[in-house]
Amino acid sequence: MKKHTRIFLGVLLLITTLLSGCGLQETNPIDHKTKIGIMLSDVGLGDQSFSDAGFNGLEKARNHLDIIFEYRELKDTKTYEKGLTELAESGNDLIIGLGFMVQEDLEKVAKKYPEKQFLLVDSVSDVDNVSSLTFKEDEGSYLAGVMAALTTKTKTVGFVGGENAPLIQKFAKGFTEGVKSIDPSIKVLKEYAGDFGNDKLGEKIAKDMIAKKSDVLYAAAGFTGVGVLKKAEQEGVYAIGVDSDQFFYAEKAIITSMVKNVDSALYDVVKEFKQTKTIKNKHIELGLAEKGVGLATIRLVSLSDKQQAKLKEAEQKIINHEVSFTN
């Protein structure tokens with residue numbers, strides 16, 4: 001019996017070895033899914049603005065399109081180049097760089113991995129394997145300026161930018177022109193913080209503007225802008241949020257937000273990429289007509305019929321290209 005047992009065990013071991021060598025192994029269920037990597041903007045998750053919106057778009061894509069994604073934050077990788085390289089080397093099919101500050105490093109990494117597809121958000125690249133997604137922030141900011149002009153009682157409003165860069169200047173110029181379209185005599189205070197991640201600095205800038213009689217503040221400054229919104233609430237003046245509907249961060253101050261639909265735009269790009277394995281347009285630009293930008297729900301203030309008509313007229317003029325933005 002012992003001899004027969006040894007023979008049986010030997011045969012069983014041989015069969016097991018042969019079967020394992022024939023490739024009867026479990027397949028990884030994520031191997032055939034589209035994989036997306038995203039390098040978030042400088043502040044990263046929790047900025048209550050741009051990075052959070054981009055992240056939310058990929059979460060929606062994961063839940064509805066059955067893709068998988070991973071992300072990197074600058075606080076962990078220290079450089080954009082390192083984070084983007086990690087995403088390229090970890091098998092992602094599409095690598096997204098969120099924010100104009102990512103451009104130089106993204107282009108450097110894209111040239112090292114020409115077989116990979118990259119997407120740059122908020123700036124335009126000429127590199128062959130990099131597509132670009134930009135928004136007409138000046139159009140949405142123009143409407144924010146109209147709202148500020150219709151709301152102010154002191155005829156002084158303020159704009160706070162995260163950095164004095166071309167992209168942020170688009171917000172400032174659109175806002176200023178929107179204000180002036182309603183009343184050229186309204187004063188627009190402007191300041192650039194030089195930092196997207198410092199809410200305390202935002203509070204200080206807001207306090208200074210309020211001291212100069214500004215009673216409506218518009219910030220395009222990431223987490224620094226959140227400080228602006230909260231200080232406006234503390235001081236009893238109005239504010240306008242940016243990128244996403246920021247009402248819930250300062251419910252006694254925010255009359256509306258200039259919504260930049262990064263989340264839905266990224267969702268649409270990922271949907272196209274999953275279906276076609278490519279991004280058809282080298283440069284995707286979204287404005288008011290394409291629902292890439294616009295105003296969130298208006299709260300706290302009540303516009304008269306005449307004021308509502310002025311806001312609607314401004315929106316239609318932009319869509320009809322009757323409003324031109326100076327450089």
Side-chain angles (χ1 to χ4, degrees), residues 49-50 100 122 134-196 202 205-222 224-225 227-229 231-232 237-243 246 253-260 285 287-289 292-296 298 301 303 307 310-327:
S49 184
F50 193 48
F100 66 92
D122 261 4
T134 62
F135 298 83
K136 297 178 181 178
E137 294 89 357
D138 42 11
E139 293 186 354
S141 294
Y142 187 95
L143 296 183
V146 170
M147 269 303 301
L150 294 174
T151 303
T152 182
K153 303 300 183 185
T154 64
K155 287 198 170 187
T156 303
V157 300
F159 172 81
V160 181
E163 184 177 325
N164 192 2
L167 175 68
I168 306 304
Q169 289 166 5
K170 283 176 67 179
F171 286 89
K173 290 172 183 175
F175 178 70
T176 301
E177 291 180 27
V179 170
K180 299 295 184 180
S181 73
I182 298 297
D183 186 348
S185 70
I186 295 175
K187 187 176 183 180
V188 181
L189 307 178
K190 298 178 193 175
E191 186 163 345
Y192 295 93
D195 193 333
F196 286 93
I205 294 172
K207 184 177 180 180
D208 292 343
M209 287 187 170
I210 293 166
K212 295 174 183 176
K213 305 302 182 184
S214 178
D215 63 348
V216 184
L217 302 177
Y218 176 45
T224 300
V228 173
L229 304 179
K231 177 53 71 173
V237 302
Y238 290 122
I240 297 173
V242 78
D243 290 341
Q246 294 186 311
I254 297 176
I255 57 174
T256 188
S257 297
M258 198 292 278
V259 177
K260 182 173 165 180
E285 187 177 29
L288 197 60
V293 298
L295 291 185
I298 296 172
V301 297
L303 299 181
Q307 289 175 322
K310 285 185 176 181
L311 183 61
K312 188 67 177 177
E313 180 185 10
E315 182 177 347
Q316 201 59 49
K317 281 184 175 180
I318 293 171
I319 292 174
N320 294 340
H321 306 291
E322 296 173 22
V323 175
S324 59
F325 299 96
T326 58
N327 294 320

Keeping to residues at least two apart or across chains, list the salt bridge (charged side-chain N to carboxylate O under 4.0 Å, His left out) pairs with something in residues 149-170.
E137-K170, K155-D183
Distance check, rounded to the nearest 0.5 Å: I168 atom CD1 versus F196 atom CZ?
4.0 Å
What distance do M147 atom CE and I182 atom CD1 have between them, rounded to the nearest 0.5 Å?
10.5 Å
Please check if the side chain of T154 supplies one atom and the backbone of K213 the other of a donor-acceptor pair under 3.5 Å.
yes
Determine which pairs satisfy salt bridge (charged side-chain N to carboxylate O under 4.0 Å, His left out) with at least one residue from residues 311-325, sequence neighbours left out, and list them in order.
E313-K317
Spacing of F175 atom CZ and K190 atom NZ [to the nearest 0.5 Å]:
9.5 Å
Can you find a heavy atom in the side chain of V160 that is under 4.5 Å from one in the side chain of Y218?
no
D122 side chain to T134 main-chain N or O, any donor-acceptor pair under 3.5 Å?
no
How many angstroms lie between atom OG1 of T256 and atom CG of L143, to the nearest 0.5 angstrom?
9.0 Å
Any donor-acceptor pair under 3.5 Å linking the side chain of E139 with the backbone of L288?
yes
Any donor and acceptor pair, going by atom type alone, linking the side chain of S257 with main-chain N or O of Q246 inside 3.5 Å?
yes
Check A149 against V179 and note the closest heavy-atom contact, atom names and distance.
CB-O, 3.7 Å
Residues passing the side-chain hydrogen bond (donor to acceptor under 3.5 Å, both in side chains) test with K136, sequence neighbours excluded, are none
Interatomic spacing from NZ in K231 to CG in D208 - rounded to 0.5 Å
10.0 Å
With sequence neighbours left out, what residues match T151 under side-chain hydrogen bond (donor to acceptor under 3.5 Å, both in side chains)?
none
Contacts of type side-chain hydrogen bond (donor to acceptor under 3.5 Å, both in side chains), residue T224, not counting sequence neighbours:
none
According to side-chain hydrogen bond (donor to acceptor under 3.5 Å, both in side chains), who are the partners of N164, at least two apart in sequence or on a separate chain?
Q169
Any side-chain heavy atom of S141 sitting closer than 4.5 Å to one from F159?
no
Give a yes or no answer on whether the side chain of T152 reaches the backbone of V157 with a donor-acceptor pair at less than 3.5 Å.
no
Test T156 against every option in I210, L189, V188, I186 by the side-chain contact (heavy atoms from CB on, under 4.5 Å) rule and name the one that passes.
L189
